[in-house]
Amino acid sequence: IEQPTFPKITEMCVKMIRRVNDEEGIKKLVNETFQKLWFTPTLHHDKEAMTRKILNITDVVAACRDTGYDWFEQLLQNLLKSEEDASYKPVKKACTQLVDNLVEHILKYEESLSDSDNKGVNSGRLVACITTLFLFSKIRPQLMVKHAMTMQPYLTTKCSTQNDFMVICNVAKILELVVPLMEHPSETFLATIEEDLMKLIIKYGMTVVQHCVSCLGAVVNKVTQNYKFVWACFNRYYGALSKLKNQHQEDPNSTILTANKPALLRSLFTVGALCRHFDFDQEDFKGNSKVNIKDKVLELLMYFTKHSDEEVQTKAIIGLGFAFIQHPSLMFEQEVKTLYNSILSDKNCSVNLKIQVLKNLQTYLQEEDTRMQQADRDWKKVAKQEDLKEMGDISSGMSSSIMQLYLKQVLEAFFHNQSSVRHFALNVIALTLNQGLIHPVQCVPYLIAMGTDPEPSMRNKADQQLVEIDKKYAGFIHMKAVAGMKMSYQVQQAINTCPKDPVRGFRHDESSSALCSHLYSMIRGNRQHRRAFLISLLNLFDDTAKTEVNMLLYIADNLACFPYQTQEEPLFIMHHIDITLSVSGSNLLQSFKESMVKDKKKERKPVSDEETESDSNSGSGSESEEEASKPRRLRKRVDSDSDSDEENDINAVMKCLPENSAPLIEFANVSQGILLLLMLKQHLKNLCGFSDSKIQKYSPSESAKVYDKAINRKTGVHFHPKQTLDFLRSDMANSKITEEVKRSIVKQYLD
């Protein structure tokens, strides 16, 4: 058999490795496969096998550049954890071999970068190798301790391409994890790192600044305590910001400010980044000064959030987000609450600002999560002298209070038409729920709504959260299911790109599956919950519920396309449709007749009575049955005068219409619910191939086993309620009452 080429192997590995968090059986298979493929020690003399292994790993890492590396971390953690208590640790040995050989490969690639022919390829390989080393460092930083001095010179890489920047950022991230673990590193080495990082902070853009400040934080706070060095850098940017603020206050239209905009943006970002990693209110920094640095920084950054330039506002909000990680209590300040909530709730506010506020909350929660996990590990190492739960509770108590402040506005961001806003809002909610910071019941309807998002990654994430909630709190999903369906309609309304087209409740693809199919599949297993849910949805079609027509269409679409499995499910719906129609249908016709009679002059009454009675009798008694309109249709085929008969019927009722047109529009509106139920019943009958006798014989009180047979779905049966679609597209509810509209409504009544 011909051996697959490297790209094919890489593609297969990428597909397999993404299943690392799947169900237990698959997870076990993935772990075993990659343990054999990558994490089994290689014989020292077999350089070729080691090179193949390194190329394969780095190819897979490079292929996952845009989708993230969670899978690698998870895989490595799973494998190392499995041999924690074993005397022989093959995975640990294989990791040591891989790290040592990756460093060797980096040095080779660097030498070959002078060869212009392979420059692009080797530059990409260099990035992949350094990224892989960072991933190893993240899980086992001890493996990289002996290579720290080899990595340090890469901080001086001359940046001309995107790959060069990635090298610097990954090296900074490696040194951040590794330098604090080194025993007695030389002062020259540490001083060189500090100077290299400072040069990068001053010279390059946001991503480099962020990673270099983070690395500097680890080196200074944990190793060198060179606070004066950092304090000088902070004062440089803080002083520049103060000066620019004063200039802006004196003359907001000054040309100096325009010329200094790049310096302003850099200062806002860098001051925030430094405040994230250093507490400048410590005596080590400010000495005996009584000035409260965090309040001064807050005041400065808040000033620039009100700037007229959106780019300046965004950088100021980024700076605030950084500062809040070091000092979360600042998020309780009234001006901060007003700023965040107004940006999130104002529909006219810039999308960039909304996203940045959500990113700030996301980063804060991620940082808190990392901090608590680290605290958990640290206290487990120490003898049980501390009450670990209590320590964690203090931190999570702060996070919980903060999220309660902003929760409603974050949830409301689900109703934004931009998918990026919904994406970050969902990330914040998922982090909040995973950390147990709020009671999940208030999020359930919003998660149900997000489960209908057009983007698969978002709806999968929302569905996963619902599954987790359902495991812990049985009944919560059912309790909020109808509210979630209504909210999902609001989400679909928000993202509907063509307002003239009615919002539909199924996916416009080959599957034509219901948008809320995952919700139904979670509820359907419990017969009592399923029935209560379906009845609640059908009750919305009642004329007294006053549900808007497009929402009824959306719910009917879902009911038409839900993933029913047994005959009992659609039969139960049809049974309740008949009950609803027998009451609501008759009431509707009666109210229409009454509006005609009582609003007409006495001399017309006899005509009205006679005509309407004959017409209503032809339809009213059997309106809830499918045969309702058959006589009229049959008559059309046989009788050549049928068209004129129908015209006479319409004209007779037209004469009896009231002067006030409000009841007409009310009738047209309310009758859509009845029409949708008739169409839904017919659709389910066609879809499942039920006979009239089977539908009539059905009784909900019968044993569940009687109707437990699987459904034989017919293919190519689609739900298309034409009358309701026409009603919505023509916007009849808001139309001016013309003769044509009146005739249309009268025809609807006669039908």
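For the residue pair V421 and L358, the shortest heavy atom distance occurs at O-CD1, 3.6 Å. The nearest pair of heavy atoms linking D453 to R459 is O-NH1, 2.9 Å. The shortest heavy-atom contact between P721 and M679 is CA-CE, 3.7 Å. Nearest heavy atom pair, residue L426 against residue M458, reads CD2-O, 3.4 Å. The two residues Q567 and A710 make their nearest non-hydrogen contact at NE2-O, 4.1 Å. Contact detail for Y554 and C516: the closest heavy-atom pair is OH-SG, 3.9 Å.
No side-chain donor-acceptor contact under 3.5 Å links Q418 to the backbone of V351. One N or O on the side chain of N460 and one on the backbone of P456 form a donor-acceptor pair closer than 3.5 Å. Without hydrogens or angle criteria, S517 side chain to S513 main chain gives no donor-acceptor distance under 3.5 Å. At distances below 3.5 Å, not a single donor-acceptor pair connects side-chain atoms of R507 with backbone N or O atoms of A514. Listed for the S400 side chain is a donor-acceptor partner under 3.5 Å among the backbone atoms of L437. Judged by distance alone, with hydrogens and angles left aside, the side-chain atoms of Q672 form a donor-acceptor pair with the main-chain N or O of A668 at under 3.5 Å. A donor-acceptor contact shorter than 3.5 Å links the side chain of K354 to the backbone of L344.
Within the model, atoms CZ of F572 and OG of S699 stand 10.5 Å from one another, a figure rounded to the nearest 0.5 Å. Here CD1 of I523 is found 4.0 Å from CG of L519. Values are rounded to the nearest 0.5 Å. For the atom pair CG (L678) and CG (L581), the distance works out to 5.0 Å, reported to the nearest 0.5 Å. Taking CZ of R531 as the start and CD1 of I573 as the end, the distance is 11.0 Å to the nearest 0.5 Å. Summarising the geometry, atom CG belonging to N526 is positioned 13.0 Å from atom CZ belonging to F533; distances are rounded to the nearest 0.5 Å. Atoms CD1 and CG, from I577 and L676 in turn, are 10.0 Å apart once rounded to the nearest 0.5 Å.
Using modelled atom types and a 3.5 Å distance limit, the side chains of Q590 and E594 yield a donor-acceptor pair. Between the side chains of E455 and S419, at least one donor N or O lies within less than 3.5 Å of an accepting N or O.
Contact check for T33 versus M16: side-chain heavy atoms found under the 4.5 Å cut-off. At a threshold of 4.5 Å between non-hydrogen side-chain atoms, the residues P454 and R422 count as touching. Taking 4.5 Å as the limit, every side-chain heavy atom of Y698 sits out of range of all side-chain heavy atoms of M574. Counting heavy atoms from C-beta outward, E739 and M654 have side chains that approach closer than 4.5 Å. Counting heavy atoms from C-beta outward, F727 and S744 have side chains that stay 4.5 Å or more apart. With contacts defined as side-chain heavy-atom distances shorter than 4.5 Å, the pair N558/F506 does not qualify. Side-chain atoms of F690 and L571, non-hydrogen and from C-beta on, do get closer than 4.5 Å to each other.
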Set out, in order, the CA-CA distance, both residues' side-chain angles and the distance that settles side-chain contact (heavy atoms from CB on, under 4.5 Å) for T566 and K709, then state yes or no.
CA-CA 5 Å; T566 63; K709 291 177 188 169; over 6 Å; no

Between V60 and W71, is a side-chain contact (heavy atoms from CB on, under 4.5 Å) present by the stated rule, with each step listed?
CA-CA 11 Å; V60 173; W71 53 267; 3.7 Å; yes

If you apply the rule salt bridge (charged side-chain N to carboxylate O under 4.0 Å, His left out), what do you find for K697 with E702, and how did you get there?
CA-CA 10 Å; K697 280 178 190 170; E702 284 222 47; over 6 Å; no

side-chain contact (heavy atoms from CB on, under 4.5 Å) between L361 and L431: does it pass, once the steps are laid out?
CA-CA 10 Å; L361 291 169; L431 284 164; over 6 Å; no

Might you work through the side-chain contact (heavy atoms from CB on, under 4.5 Å) test for C64 and F72, ending with a clear yes or no?
CA-CA 10 Å; C64 295; F72 189 91; over 6 Å; no

Begin with the C-alpha distance, continue with both residues' side-chain angles, and end with the deciding distance and a verdict on side chain to side chain donor-acceptor pair (under 3.5 Å) for Q696 and D692.
CA-CA 6 Å; Q696 281 160 8; D692 287 335; 5.7 Å; no

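Using a 4.0 Å cut-off between charged nitrogen and carboxylate oxygen, K747 and D649 do not count as a salt-bridge pair. No salt bridge links E24 with K28; every basic N to acidic carboxylate O contact stays at or beyond 4.0 Å. R530 and E568 are joined by a salt bridge, as a carboxylate oxygen and a charged side-chain nitrogen come within less than 4.0 angstrom of each other.
Relative ring orientation between H683 and F719 is described as perpendicular, the plane-to-plane angle rising above 60° on a 0-90° scale split at 30° and 60°. Between H529 and H478, the two ring planes are parallel [angle under 30°; tilted spans 30° to 60°].
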Could you pull out every donor-acceptor pair under 3.5 Å between side chains of residues 438-446 and any protein atom, sequence neighbours left out?
unit_1, atom_1, unit_2, atom_2, d
H439, ND1, V441, N, 3.3
Q442, NE2, H439, O, 3.0
Y446, OH, E412, OE2, 3.0

Using atom types as modelled, flag every donor-acceptor pair under 3.5 Å from a side chain in residues 492-503 to any protein atom, sequence neighbours excluded.
unit_1, atom_1, unit_2, atom_2, d
Q492, NE2, T452, O, 2.8
Q492, NE2, T452, OG1, 2.9
Q493, NE2, Y489, OH, 3.2
N496, OD1, C498, N, 3.4
N496, ND2, C498, O, 3.2
N496, ND2, D501, O, 3.0

Going by atom type alone, with no hydrogens or angles, which donor-acceptor pairs under 3.5 Å involve a side-chain atom of residues 462-472 and a protein atom two or more places apart or on another chain?
unit_1, atom_1, unit_2, atom_2, d
D463, OD1, H518, ND1, 3.4
Q464, NE2, E468, OE2, 3.2

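Residues passing the side chain to side chain contact (heavy atoms under 4.5 Å, CB included) test with K486 are V482, L540, M551, sequence neighbours excluded. With sequence neighbours left out, the side chain to side chain donor-acceptor pair (under 3.5 Å) criterion links S591 to no other residue. By the side chain to side chain contact (heavy atoms under 4.5 Å, CB included) test, R713 pairs with Y564, L687, I711, sequence neighbours left out.
Residue D509 qualifies as enclosed at atom CG: its count of foreign heavy atoms under 6.0 Å is above 12. Atom NZ of K15 has 12 or fewer neighbouring heavy atoms from other residues, nucleotides or ligands inside a 6.0 Å radius.
Exactly one residue among L675, I555, L559 makes a side chain to side chain contact (heavy atoms under 4.5 Å, CB included) with L680. That residue is L559.
Residues H416 and F414 keep their aromatic ring centres 6.0 Å or farther apart.
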